[in-house]
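Take a look at the structure set out below.
As a basis for the values below, the full set of heavy atoms in this structure was taken, side chains included, without hydrogen atoms, waters or symmetry mates.
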Amino acid sequence: MHTAVQLIELGAILLGLGLLGAVSTRFSISPIPFYLLAGLAFGSGGILPLGASEDFVSIGAEVGVILLLFTLGLEYTADELVGTLRTSAPIGLLDLVLNAAPGVAVALMLGWGPVAAVAMGGVTYVTSSGITAKVIGDLGWLGNRETPAVLSVLVFEDLAMAAYLPILTALLAGAGLIGGATALGIAAITIAVILYVALRHGNMVERFVASPSEEVLLLKVLGLTLLVAGIAQQLQVSAAVGAFLVGIALSGPLAHTAQKILSPLRDLFAAVFFVFFGLHTDPGDLPPVLGIAAVLAFLGLATKLATGWMAARRAGVALTGRLRAGAALTPRGEFNIVIAGLAVSAGTSAQIGPLAAAYVLILAIAGPLVARTAEPLAHAIRARRDPRPRPQSDPDDEPHGTPAPDDAPGGSAPGATTGSTTGTGGSTNGAAGTKDTTDGADNADSTGSTDNADSNGSAGHLTERP
């Protein structure tokens with residue numbers, strides 16, 4: 001009888017998620033807010049609590065996080081990560097300071113303590129790469145000049161998480177400063193080893209997991225990912241980081257095939273993860289933190305807009321592209337919930353979970369909406385500066401390396417690799433061609449003069465795998 005109830009609950013959960021996903025697809029928005037709301041509705045304090053399937057949902061949520069990070073790692077090679085880390089460090093550090101500061105400040109002002117402050121800094125810091133990838137793809141921004149700058153910020157955030165999560169895990173476990181330093185050292189050694197294997201001996205890893213049978217490849221890749229994730233968690237490095245590094249170690253056609261066969265599993269278990277987080281958040285706890293969440297969300301919008309603006313400005317992109325870059329970085333989602341889940345599990349503060357849920361709900365909904373207003377806002381600003389009739393296209397849509405007047409008709413970049421987005425943890429499989437710039441590009445915004453950026457290769461250029 002108990003098994004029958006479990007099957008009924010699981011079937012109802014998955015069917016409900018499918019219907020919610022259909023609604024989100026219909027309105028071109030992320031399904032994450034809907035999944036969180038579903039968890040709130042059927043969790044503790046909800047309208048119809050589900051208890052029989054809790055164990056399966058709990059394990060499924062862990063697998064969801066692991067697969068989200070693994071498939072994200074598949075998007076990058078070790079060479080790309082090393083190159084991006086070198087060239088995008090200034091903007092990445094600015095992003096870290098601007099966006100972690102509000103969370104840290106709020107936690108300290110509320111008296112939650114330094115460990116909770118570290119957790120809240122992570123919650124407000126990192127952008128949802130899944131939602132951002134979907135927004136960029138849905139709005140047709142993949143070939144735009146600012147897209148490589150956006151992707152560079154996302155890659156830097158992923159690398160920052162590889163260092164941040166082990167420290168947070170150690171602090172939440174009460175290991176203190178020495179324990180945190182030890183965990184960071186272990187993480188650094190682990191990252192260095194895996195990057196070395198990926199750079200020097202990637203062919204060995206590929207030969208180990210490769211198979212002409214997709215069924216065998218699925219079992220090998222999934223088994224290796226879960227095994228490494230479990231070992232990493234046992235070493236207090238974080239299962240998510242372990243999975244991410246396994247993804248980095250795979251490259252070429254093998255990575256493309258692994259992405260294809262694991263994407264349905266990732267989407268399934270990622271949806272279960274967001275529901276699981278909602279299940280463990282009491283809706284009655286949300287109203288007291290909505291005010292704080294709204295303030296944090298407003299600050300989060302402003303700081304991410306500033307980050308994207310500076311990243312695109314550094315790439316020689318004009319006004320419209322800067323606004324698009326900032327808007328693309330505003331959504332929060334999977335990583336933010338992962339961090340809050342770790343903090344809640346450790347018992348740091350009962351309010352972190354509801355606050356993070358409200359914060360993510362607001363920005364996961366507002367982010368895509370803000371992105372849609374970026375171009376109209378840019379045109380309105382230009383019209384205010386210069387009321388003369390001008391074409392509505394933008395120089396940021398010009399082919400890379402083609403100097404164009406501020407509002408000259410444009411098109412997508414030749415040779416730009418058009419990527420794709422997939423599901424809840426969607427990720428960008430390709431990026432536009434990139435360019436380095438001259439400092440004079442900023443004058444295009446106010447004077448209508450030519451865009452002075454030179455096409456010359458880029459920091460953080462992500463190439464599409466075969």
Side-chain angles (χ1 to χ4, degrees), residues 32-33 36 40 65 92-129 131 156-158 160-177 179-180 183-184 238 240-241 273-274 277-278 280-282 285-307 329-364 366-367:
I32 292 175
L36 289 172
L40 292 172
V65 175
L93 292 174
L94 175 69
D95 178 38
L96 173 62
V97 172
L98 286 179
N99 292 283
V104 172
V106 164
L108 293 177
M109 286 189 293
L110 293 175
W112 291 353
V115 175
V118 173
M120 277 304 301
V123 169
T124 58
Y125 162 52
V126 66
T127 295
S128 169
S129 57
I131 299 178
F156 188 92
E157 289 184 353
D158 295 335
M161 285 294 104
Y164 168 81
L165 288 176
I167 296 175
L168 178 64
T169 303
L171 292 176
L172 292 173
L177 182 60
L184 179 58
S238 165
V241 173
F273 166 71
F274 294 117
F277 186 85
H280 286 74
T281 302
D282 191 333
D285 294 334
L286 291 179
V289 299
L290 277 179
I292 301 173
V295 171
L296 279 176
F298 176 79
L299 293 174
L301 282 170
T303 52
K304 284 295 183 182
L305 283 170
T307 298
L329 291 171
T330 55
R332 309 300 203 277
E334 56 271 24
F335 247 139
N336 314 81
I337 299 298
V338 170
I339 294 166
L342 291 173
V344 170
S345 300
T348 53
S349 173
Q351 289 185 300
I352 288 182
L355 178 58
Y359 177 75
V360 169
L361 278 171
I362 293 172
L363 288 179

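Partners of Tyr125 according to the side chain to side chain donor-acceptor pair (under 3.5 Å) rule, which considers only residues two or more places apart in sequence or in another chain, do not exist here. Here Thr330 pairs with nothing under the side chain to side chain donor-acceptor pair (under 3.5 Å) rule; sequence neighbours left out.
Annotation for Asn99 and Thr124: closest pair O-OG1, 2.8 Å, computed over non-hydrogen atoms. Residues Asn336 and Gly122 approach most closely at ND2-O, 4.2 Å, considering heavy atoms. Scanning all heavy atoms of the two residues, the minimum distance from Arg332 to Val126 falls at CD-O, 3.1 Å. The shortest heavy-atom contact between Val104 and Ala117 is CG2-O, 3.4 Å.
Atom CH2 in Trp112 sits 5.0 Å away from atom CG in Leu355 (nearest 0.5 Å). Remark: Ile337 CD1 to Leu342 CG distance equals 11.5 Å, nearest 0.5 Å.
Judged as a side-chain hydrogen bond (donor to acceptor under 3.5 Å, both in side chains), not a single pair has a partner in residues 287-302 (not counting sequence neighbours). Identified under the salt bridge (Lys or Arg N to Asp or Glu O under 4.0 Å) test for residues 294-306, with sequence neighbours left out: Asp95-Lys304, Glu157-Lys304. Screening residues 346-364 for salt bridge (Lys or Arg N to Asp or Glu O under 4.0 Å) gives no qualifying pairs among residues at least two apart or on separate chains.
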Would you mind writing out the side-chain donor-acceptor pairs for residues 289-302 within the sub-3.5 Å range, not counting sequence neighbours?
none

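When atom types are taken as modelled, the side chain of Thr127 and the backbone of Leu329 share a donor-acceptor pair closer than 3.5 angstrom.
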- Given Leu110 and Met120, is the side-chain contact (heavy atoms from CB on, under 4.5 Å) satisfied, shown in steps? CA-CA 12 Å; Leu110 293 175; Met120 277 304 301; over 6 Å; no

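The shortest distance between side-chain heavy atoms of Tyr164 and Ile339 falls below 4.5 Å.
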